Protein chains: 2
Amino acid sequence: MAPQPDPVLRLLWRHGLDEPPKPRRGRRQSLTVDDVVDAAIKVADRDGLDALTMRQLATELGIGAMSLYTYVPGRKELLALMADQVFRRHPLPAMPGGLRARLALIARTHYGICHEHPWLTDVMVLQNGIGPGLSDLYEWQLSGVDGIGLDDLEMDQTVAVLMGFAAGIARSQERMRRAERASGVSEAEWWEANAPELGRLMAGREYPLSGRVGAAAGMAYQASADPSAELEFGLARIIDGIVAYVEHPDRP
Amino acid sequence: MAPQPDPVLRLLWRHGLDEPPKPRRGRRQSLTVDDVVDAAIKVADRDGLDALTMRQLATELGIGAMSLYTYVPGRKELLALMADQVFRRHPLPAMPGGLRARLALIARTHYGICHEHPWLTDVMVLQNGIGPGLSDLYEWQLSGVDGIGLDDLEMDQTVAVLMGFAAGIARSQERMRRAERASGVSEAEWWEANAPELGRLMAGREYPLSGRVGAAAGMAYQASADPSAELEFGLARIIDGIVAYVEHPDRP
DNA sequence: ATCTATTCCGTACGGCGTACGTGAAAGTTA
DNA sequence: TAACTTTCACGTACGCCGTACGGAATAGAT
């Protein structure tokens, strides 16, 4: 059989629909889809994605659990709507003049989004819901790398590299945050408590470089890593590489 | 109270322990922790992380569900063991001569690992279990960027950029794979089925760049994106940026 | 032969997403 | 106004999940 159009598309693009098929009879809904999605985002931001259960969300909204299903087909679709809503609500600043500044802005904006909503990178891997928020974001990103000599495919790949890098930094930061929340101690305290045991367990194996580098990181950051330093260093290298390619596509 | 040493550490480093505290009484275990972890990896590779339930894994191993808890404290810890086991089992080739080749090898190796075990990036964000597999990998990665003029922090950040990039590509590929598995149609078929509806829903909004770039990508890849092209392009740019920094740390 | 430490695992509990069906409410029509 | 139709609200229930608990089985020590 021919595949049916994806039903979640109509929900993602619900705001563009001038008139749904005019069903004016029957009881009115007490909330809107946006109310539900915004509340879900709030819960996920506050308590994490696992704590976002249909029952909890319904309680938060003051409705019965099953009433949610009159707004949203299911939890999977709700997550897709949440992701697009986050993109839709996030302001996209005007693209600055220089290429380096534009590339940095693309990456920092995406990092900011992923950092504000740490569940976002987890949700985005689940399904690629093409909604207005993601579409506007992508168009905005492309406008930052248009007209600089890259072909269409290279524009897409450039944006993909920047987004992937920004999401990766956000994920690495989120991993530290979750570890601290789960264990109840800061990463520095964890290391203090576990370093002796770890040294005992590692006995026999040699990690000269890891030891040296880890010690330096610990001194500098009071932690095993510093996402903001990673962001700055990595972003500078990536931008250097892209700019070099734009200026001299044939080298080296 | 002083935080207790993390109990999962002893499990992660179980192979280095010469002798556990000699509990020689009582019934023998019919399996090893490695058996359990390897079977869990097999299930997760085959059916995905959600399908890896304690009951399913126990059935696969021919034991009762609750017997698993004599090998592993719980599912969370099992996931951490799986991640480290994947790293531990993956061969780490000798570092080649040139810097560019070493950087590429670091990224491609990590991409390969994440690609073979698509649940890995999901698991790694859950907790930072420092086991022998990850430690060996990190030491190996650092050996690829040692002695080239980077300081300790820059070495760590360089490795982090490469790993994050590789993981990001693997995640983007995994998103496409999951969408295809969930919908049952290839991405090309999805677009064919949804393009008309999507065009209708997007009416009123203009996406000139997205449209142009998306069409070019569709022509070139028969899909909206091609992870291997993203990998090649992005890796080349990142390596360019790192090499440029190594050679001229002061230039922009 | 008895004791004791350990593994094995059946049962059960609370929580999850959600299918289903009934009842309530709102607009249309007679 | 009364009856009808359509839609929403949501209580109940089902099959999953991770895992706490406790009794039965087993193997080395005594």
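All chains are named by letter (A, B, ...) in the order of the sequence lines, taking the proteins before the strands, and each is independently numbered beginning at 1. Everything quoted here is computed from the prediction, not taken from an experiment.
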A.B. asks: Rounded to whole angstrom units, what separation is found between the OH atom of Y71(B) and the P atom of dT7(C)?
C.D. replies: 8 Å
A.B. asks: Strictly below 4.0 Å: does S30(A) bring a side-chain N or O up to OP1 or OP2 of dA9(D)?
C.D. replies: yes
A.B. asks: With no hydrogens and no angle check, is any side-chain donor or acceptor of R14(B) less than 3.5 Å from a backbone partner on L11(B)?
C.D. replies: yes
A.B. asks: Only counting residues at least two apart or in another chain, list the ones meeting salt bridge (Lys or Arg N to Asp or Glu O under 4.0 Å) with E197(A).
C.D. replies: R200(A), R10(B)
A.B. asks: Return the value, rounded to whole Å, for the distance between atom CZ of R27(A) and atom P of dA26(C).
C.D. replies: 7 Å
A.B. asks: Can you tell me how far P of dC8(C) sits from CG of L57(B), to the nearest Å?
C.D. replies: 14 Å
A.B. asks: Which residues satisfy the side-chain contact (heavy atoms from CB on, under 4.5 Å) test with D47(B), sequence neighbours excluded?
C.D. replies: V43(B), A51(B)
A.B. asks: Regarding T32(B) and D34(B), is there a side-chain donor-to-acceptor distance under 3.5 Å anywhere?
C.D. replies: no
A.B. asks: Dump the pairs, protein N or O against N or O of nucleotides 18-20 of chain D, anything under 3.5 Å, distances to one decimal.
C.D. replies:
residue : atom : partner : partner atom : Å
dG18(D) : OP1  : R75(B)  : NE           : 3.1
dG18(D) : OP2  : M54(B)  : N            : 3.0
dG18(D) : N7   : R55(B)  : NH2          : 2.6
dG18(D) : O6   : R55(B)  : NH2          : 2.7
dT19(D) : OP2  : Y69(B)  : OH           : 3.1
dT19(D) : OP2  : R75(B)  : N            : 2.9
dT19(D) : O4   : R55(B)  : NH1          : 3.4
dT19(D) : O4   : R55(B)  : NH2          : 3.3

A.B. asks: Would you mind reading off the distance between Q56(B) atom CD and dC17(D) atom C1', rounded to a whole angstrom?
C.D. replies: 13 Å
A.B. asks: Output all residues satisfying salt bridge (Lys or Arg N to Asp or Glu O under 4.0 Å) with E174(B), sequence neighbours left out; order by chain, then residue number.
C.D. replies: R177(B), R178(B)
A.B. asks: Nearest whole Å is fine: how far is dT7(D) P from L31(A) CG?
C.D. replies: 19 Å
A.B. asks: Enumerate the residues from residues 78-86 of chain B whose closest heavy atom to DNA chain C is under 4.0 Å, giving them by residue number; use none for an empty result.
C.D. replies: none
A.B. asks: Taking atom P of dC10(D) as reference, at what distance in whole Å does atom CG of L61(A) sit?
C.D. replies: 11 Å
A.B. asks: dT7(C), OP1 or OP2 - any side-chain N/O from S67(B) closer than 4.0 Å?
C.D. replies: no
A.B. asks: Identify, with sequence neighbours excluded, every residue that meets salt bridge (Lys or Arg N to Asp or Glu O under 4.0 Å) alongside R75(A).
C.D. replies: none
A.B. asks: For residues Y111(A) and Q173(A), is any side-chain donor paired with an opposing acceptor at under 3.5 Å?
C.D. replies: yes
A.B. asks: So does Q222(B) get a backbone contact from the side chain of W191(B), meaning a donor-acceptor N/O pair under 3.5 Å?
C.D. replies: no
A.B. asks: Please state whether the rings of W13(B) and Y207(A) are parallel, tilted or perpendicular, taking 30° and 60° as the class boundaries.
C.D. replies: perpendicular
